[in-house]
Number of protein chains: 2
Amino acid sequence: MLTRTAADLGAVIRDRRKRLKLDQSTLAKKVGVSRQWLIEVEHGHPRAELGLIRRVLDALGIKLDADSNPSAGRGVPKTAVDLDAIVAKAKKGKP
Amino acid sequence: MLTRTAADLGAVIRDRRKRLKLDQSTLAKKVGVSRQWLIEVEHGHPRAELGLIRRVLDALGIKLDADSNPSAGRGVPKTAVDLDAIVAKAKKGKP
DNA sequence: TCCGAATGTCAGCGTTCGCTTACATTATCA
DNA sequence: TGATAATGTAAGCGAACGCTGACATTCGGA
């Protein structure tokens, strides 16, 4: 699943956890975090540490994939990004 | 790319940034983080905030995909996880 | 219905984040 | 070669993290 927001990820985690019949305490212990933390993450806490998140995903068998694919619809061959546009945009800031 | 560690992600980010001909300062400003932070992340800082990481990936056009697929090769229909095994494993801890 | 488990909420605390500023070190190019 | 940009390192600081522990609240089965 493509996760746009922290809430998305939280939902994925919770869903997966339940599907695996694990309660928060068990998973938290297994992963090595506090139950409190797990609760907040499942609720979509956006500022959680990447490392801990990763550990949870790992424990749940969820792979984290960083797909370097620009928004382009489909037929993007390989490395065909509109550099200039991006750079220009970058220079303008984002109003 | 499948990112296992924070260093992996850092590499992806740096690579992408360079490919886009952006320097750290520019990207940092665009994303709304400090250059210092970007440096640490590119070096694989594992405890960075998920939200900021996501913003960077976003700015670079990198999608974050959380794939809930256990190691199974390919033909996993829908919900066919070996629950018992996983639960049992969970109860044993991980020595 | 009642009882226990699972989940959510609160407060306090030490640690670490991410920021700023300034200064090295290392490319990169005229 | 020298100069300028890009990158790395360091110290100090406020803010937020994640943890512990205790206490509500909700859920599920006997």
Side-chain angles (χ1 to χ4, degrees), chain A residues 3 5-60 64 83-84 86-94, chain B residues 3 5-60 62 64 81 83-84 86-94:
Chain A
T3 61
T5 75
D8 282 353
L9 232 186
V12 170
I13 290 177
R14 162 165 249 149
D15 198 70
R16 188 73 174 171
R17 175 176 63 79
K18 293 208 160 180
R19 228 183 273 286
L20 262 45
K21 298 275 191 252
L22 298 174
D23 57 73
Q24 297 174 337
S25 298
T26 307
L27 179 57
K29 201 165 300 181
K30 178 176 165 59
V31 173
V33 298
S34 68
R35 189 172 67 88
Q36 171 73 350
W37 180 87
L38 187 55
I39 291 175
E40 292 185 2
V41 167
E42 288 191 350
H43 282 252
H45 183 44
R47 315 185 53 169
E49 290 182 10
L50 177 65
L52 298 185
I53 294 284
R54 192 181 290 277
R55 290 232 296 269
V56 174
L57 296 180
D58 236 52
L60 294 175
L64 241 204
L83 293 184
D84 290 353
I86 296 179
V87 175
K89 205 171 183 180
K91 289 196 172 161
K92 291 188 59 176
K94 187 181 82 181
Chain B
T3 59
T5 77
D8 283 352
L9 233 186
V12 169
I13 290 177
R14 161 164 252 153
D15 197 71
R16 187 74 174 169
R17 173 176 65 78
K18 292 209 161 180
R19 228 182 274 285
L20 262 44
K21 299 273 192 250
L22 299 174
D23 58 74
Q24 297 175 337
S25 299
T26 307
L27 179 56
K29 201 167 302 181
K30 177 176 165 58
V31 173
V33 297
S34 69
R35 188 172 67 89
Q36 171 72 349
W37 180 87
L38 188 55
I39 291 176
E40 292 186 1
V41 166
E42 288 191 351
H43 282 248
H45 183 45
R47 314 186 54 171
E49 290 183 9
L50 177 64
L52 298 184
I53 294 284
R54 192 181 291 277
R55 291 231 296 269
V56 174
L57 296 180
D58 237 50
L60 294 175
I62 301 176
L64 240 204
V81 198
L83 293 183
D84 290 356
I86 297 178
V87 175
K89 205 172 185 180
K91 288 196 171 163
K92 290 187 62 177
K94 186 182 83 179

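The chains referred to below are lettered A, B, ... by the order of the sequence lines, with proteins before strands, and numbering in each begins at 1.
To the nearest 0.5 angstrom, B:Arg14 atom CZ is 14.0 Å from B:Leu9 atom CG. In this structure, CD on B:Gln24 lies 5.0 Å from CD on B:Glu42, to the nearest 0.5 angstrom.
Counting heavy atoms from C-beta on, the side chains of B:Val41 and B:Val56 never come closer than 4.5 Å. Side-chain contact between A:Leu38 and A:Leu27: present, with at least one pair of heavy atoms (C-beta onward) separated by less than 4.5 Å. A 4.5 Å side-chain heavy-atom check between B:His45 and B:Arg47 finds at least one atom pair inside the cut-off.
Where DNA chain C meets chain A (any atom under 4.0 Å from a heavy atom), the bounding nucleotides read 5' to 3' are C:dA6 to C:dC10.
Tested against B:Leu64, the residues B:Asp58, B:Leu57, B:Ile53 include a single side-chain contact (heavy atoms from CB on, under 4.5 Å) partner, B:Leu57.
A side chain to side chain donor-acceptor pair (under 3.5 Å) check over residues 31-40 of chain B, counting only residues at least two apart or in different chains, returns the pairs B:Gln36-B:Glu40.
Applying the side-chain hydrogen bond (donor to acceptor under 3.5 Å, both in side chains) rule to A:Arg55 yields no partners; only residues at least two apart in sequence or on another chain are considered. Residues that satisfy the salt bridge (Lys or Arg N to Asp or Glu O under 4.0 Å) test with B:Arg54, not counting sequence neighbours, are absent from this structure.
Across its full length, the helix from C:dT1-D:dA30 to C:dA30-D:dT1 shows an angle of 60° between the axes of its 5 terminal pairs at either end, rounded to 10 degrees.
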Under a 4.0 Å heavy-atom criterion, the protein footprint on nucleotides 4-21 of chain D, written with B, S and -, is --SBBBB-----SSSSB-
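Scanning all heavy atoms of the two residues, the minimum distance from B:Pro46 to B:Ala6 falls at CA-CB, 3.6 Å.
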